Each structure stands twice: as C-alpha cells, then as structure tokens.
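Just so you know, ligand 1 is whichever comes first in the structure, and atom 1 is the first atom listed for that ligand. Computed from a predicted model, the values in this text were never measured in an experiment.
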Amino acid sequence: MALYLGFDCSTQSLSAVVIEIDGDLRRVVFQHSLNFDHDFPGYGTTAGVRRGEDAREVFSSPIMWADALDRMMATLAAAAEVDITQIRAISGSAQQHGSVYLNRHARDAWRLLDHTRPLAPQLEGSFSRQESPVWMDDSTSEDCEAIDRALGGAAATAALTGSRAHERFTAAQIRKFHRLNRGAYDATTRIHLVSSYLASLLAGSDAPIDVGDASGMNLMDLRTSDWSPEALDATAPGLRMRLPDIRPSWTPLGKLAPYWRDRYSFPAAALVVWTGDNPSSLIGTGVISEGRLAVSLGTSDTVFACTREPRPGASHVFGSPNGEFMSLVCFRNGSLAREFIRSEHGLDWPAFSRLLESTAAGNGGAFMLPWLEPEITPRVHHAGLRRFGFGPGSPALDTRAIVEGQMMAMANHSAEIAGHRVTRVVATGGGSINRPMLQVMADVFGAEVYPLDVGNSACLGAALRAFHADRLDGLTPVSWHEVVRGFTDPAASDRVAPISANVPIYAELRKRYADAESLHQERAPIC
Ligand code: XUL
C-alpha cells in the first residue's frame, strides 16, 4: 500500500488529506481540518486572522500554525483509517504571500526539537517578529509605489516578476517591515513564506521556496525562476541572504525529521517542497493543460488557468507546479462576504440556497458590488457593499445580488486568462458544494460547471505532488495526467449546465456591472 500525505494551511484552517495510489486503485483515505478560531481559541483569531491598529493590517500567528501542525500529526497518528507507517511521501501548500520572520535561534530550535514536548513552545524565541502579515493585508501602498518606481513602473515590475507590485505580496510587506522596524529586520536571519516555514518544521531544517509560491512575492524573475537582483534591491538591503533558495516544485527535502518519527511513530517518509495554495489547487483540480479554467470559492475567490507561456493581460502570472505557468485573478471578498449577508439576514446555508433557487436570474436588474472588505480585483481601498436598483433589508435580493455580483466580477476579470472562450469550469473550495451557487456560476460564465469530489483541491494537490515527486525520485516518473487520473476527473453526473434563457440576461447585466465597477472604484494609486 502506498500512501501520500498532503497538507494545506489556509487562512482559516489547517487541513490534511491522505490518498492511496496503487495502479488503478486511487482513493482518498483520510480528510480532516482544524479550524484556527474554534480549535485554537487561545490565539485570538477571527476567521484565522488578527487585525492591527491600522485596519488595513492583517496578521496571523506562525506559532499557531506550528501548533496546528503538531495537532494534525497527532490526529493522523490516532486515525483508525490510516496506517501512517505506509506513508511514502509528504507535501503541502499554504496561503500565498504571507511571511514568517525568524532570528538566529530558529535553526537550532528546529534541529534540537525534543519529541517528548509539544512543538509550539519550543519555537518561542525563534521569531524576530511574532506576527506574520498575510494576504489580506492592504497596508503597503506606499511600498508598492516605491517598488514599481524603482523597477521602471508597474508594467516593468509585471514583466519581470509576473505581477505589478501588490500590497499583499511579500516584497511590499518586507519593505514596510524594514522601513518601520529596522531593528527587528536586522535581527531577522531568515524570511520564509508560510509554505516554506511549515515545510522547514517537518524537515527540521531550512526548506527552499518553490517556484509557484516564490512568484507571488514580486521578487522572482519569471524568466530565470530565481531571485531578481533588481527586485531584491528595490525591496530592502541585505535581503538575498535572508531568503531561502528557490527550487522547482517537485524538489525533495530529505526525510521527515526525527521529531515527528519519535513523537508519533511516523515513518521516514520523503518530504517534498511545499507550494502556494493556488498553485497546488491547479494540480488538485486537474487544470494542468491549456484550455481549462478553475474557480476556487474560499476565503478568497480565485480564478486560474494553466498556460504554456506567461500570458500577458492576466493580473498575476505564477510558476505552475507542473513546470509551466498559471494565470490567476484573486478576489478578496469571497466566503466572508457571502457569510456576512447570510448572517445579517439570520439565514443558515440551506435557507441561503433556497432563496437563491426561488429568485430569478438577473434579480430584476438589481445588482451589488460586493466589497465588504477592500477589494483586490479591481483595486478598491474603501470597502462597502454598493447596491444598485434596490436598498438594504431584503434577504432575497441581497442573497442573489451578492452571489451574482461575485460571479460577474469573476467572469469579467478572467475573460483574458484562459486565452479562449471557456466552455467548462472546474469549481472547488468550500463554496463549491452549494449547487444553486454553481448554477449562477454556470449561467454567468455561460459554461458547464463541474464541482470536484475533494473540496480542498489545494490539499489534494499537495498529496498528488508528493506522489509525483516520489515517482520522480524513484526514477519511475509519471506524467501529470497520470498523476491526477482518478482524482480530478469531472463526473458527468455532477455537471451543472447553463440554463440557456439565463445566459443572455447575464451577458447584459455583466456590462452594467462592469460600468458600475469602473465608476465606483477609486482610482488606483499610480504605481
Ligand atoms: C492569491 C491570494 C489568495 C491566498 C489565499 O494571490 O492572495 O488566494 O493565496 O489563500
């Protein structure tokens, strides 16, 4: 029996999936999530994050992530359905862009972990900054402007690194940290992404950053897949020596550290470099060749596609874990905005779905710009749900308007990224179990929608990447199509087809939505 373990450390939870692959036998044997707010209340997070005094600042706790990893390993070891001794390889993914700041004690702390004691307390004293700024942080516009200016303008930054400077990207966050906390920056010997930090904890030593997650930093040269000296200089002095190396997404990291083997009787499984949640989802949705489009409905909603070459026009170009590229558009107002409307009207999810089903496509011309929080796409700094053609107070109108608004934004802003008219969309993420919502997606995109069996495609992608790297390491490589076979094949019975009468309604409403968006979006700062 060959088992592969994948993790995903998202904004709100840590998840694990174990898959079994033996020839044609391909199945998920274990899935579990730990929710940061509920399972780790001592860290005081709300929806997985903490806010700074400046509301634009959003942090999480690197110690909490370590604590969650420890608890998940204990859960796995105790799970009756998994024989952990059969785990051959392990990989993971994490929310993108977030950064972890370590001091000179970190390496020794990792190397000398005492297996009789919990992980988290042993890491205290190894951080030069207790908080990790995460992807929801919007406080670095000044740093974005400076980075873009130094690199020759936003278009030049995008051509070099795959994206113009973005507030949540790691370069702007590091620049701000250096600017405002010079002493703490000087005491920082290593800056990790969330993904490479957690990989380091499993390895007991410093892990590299993979190409997929490194391309979400505004620091990697997309052509060389290595750090760009110009981008490093534009960010902070002495940065190169504080960053790990960048490696391909299938790089082996050695064996699981003795700490985990001795603490929970795990085997000496092979570790594989971690990546970002979106690159990992690309594998976990099977969107591994050109012409397919995935929509992930999570804390952030994202739309992404795999491309052979970097595709101009996409808001972000990342390295893909299959060695190609991915285009991605990210929307900050995903599940939290949907949940806000749901709880404002005292609805549970079944009631929310029933309201969607009982209201007409197009909401009689009423619509909403769903910017509960400052938005990433388009760039909106002043939050607010903006209603057109109706006022607040109606559960039915609000429910349809939030879902339609989000779907129209995704369809409009992703028109460029797949490079052709999309006829099929793969849906993933927590929201993808909601069929009435998928019906709106199908009608707005004018495409068939296929939800996946495993809701957490980033986690599944991590387990599949572990399998791929293990076979490569054993000199029996398998193609990516073979890797995903049996896990990501869309089931015809799950298909949600567009309703032909609804498609033209949305084609029209999408134009009005786009006009309203450009009228009500503040001008982006010139950077
Ligand atoms: C992508 C992005 C988010 C995070 C959330 O650019 O910022 O999707 O990765 O996990």
Please determine whether a side-chain nitrogen of the Lys or Arg among Arg56 and Glu167 lies less than 4.0 Å from a carboxylate oxygen of the Asp or Glu.
no
Just to be sure I'm reading this right: ignoring hydrogens, which of Phe331, Phe169, Phe304, Trp135 gets closest to atom 4 (C) of ligand 1? Compare them by their nearest heavy atoms.
Trp135
What protein heavy atom sits nearest atom 9 (O) of ligand 1, and how far away is it?
Asp277 OD1, 2.8 Å
Thr488 meets the side chain to side chain donor-acceptor pair (under 3.5 Å) criterion, sequence neighbours left out, with none
Assess the pair His166 and His97: is the distance between their ring centroids shorter than 6.0 Å?
no
Starting from atom 6 (O) of ligand 1, what is the nearest protein heavy atom, named by residue and atom, and what distance separates them?
His97 NE2, 2.7 Å
For Cys330, is the nearest heavy atom under 4.0 Å from an atom of ligand 1?
yes
List the closest protein heavy-atom neighbour of atom 7 (O) of ligand 1: residue, atom name, distance to the nearest 0.1 Å.
Arg168 NE, 2.8 Å
Any N/O pair Gln95/ligand 1 closer than 3.5 Å
no
Polar side-chain atom of Thr275 near backbone of Ser93 as donor-acceptor pair, under 3.5 Å
no
With backbone taken as N, CA, C and O and side chain as the heavy atoms from C-beta onward, which portion of Ile376 lies under 4.0 Å from ligand 1: side chain, backbone, both, or neither?
neither
Purely on distance, is any nitrogen or oxygen of Thr302 under 3.5 Å from one on ligand 1?
no
Give yes if a backbone or side-chain nitrogen or oxygen of His316 is under 3.5 Å from a nitrogen or oxygen of ligand 1, and no if not.
no
Do we see a donor-acceptor contact under 3.5 Å between the side chains of Glu404 and Tyr506?
yes
For the residue pair Asp8 / Ser15, report whether a side-chain donor-acceptor contact shorter than 3.5 Å exists.
no
Can you report which non-hydrogen protein atom sits closest to atom 3 (C) of ligand 1, along with the distance?
Ser300 OG, 3.4 Å
What about the rings of His192 and Tyr197, do their centers lie closer together than 6.0 Å?
no
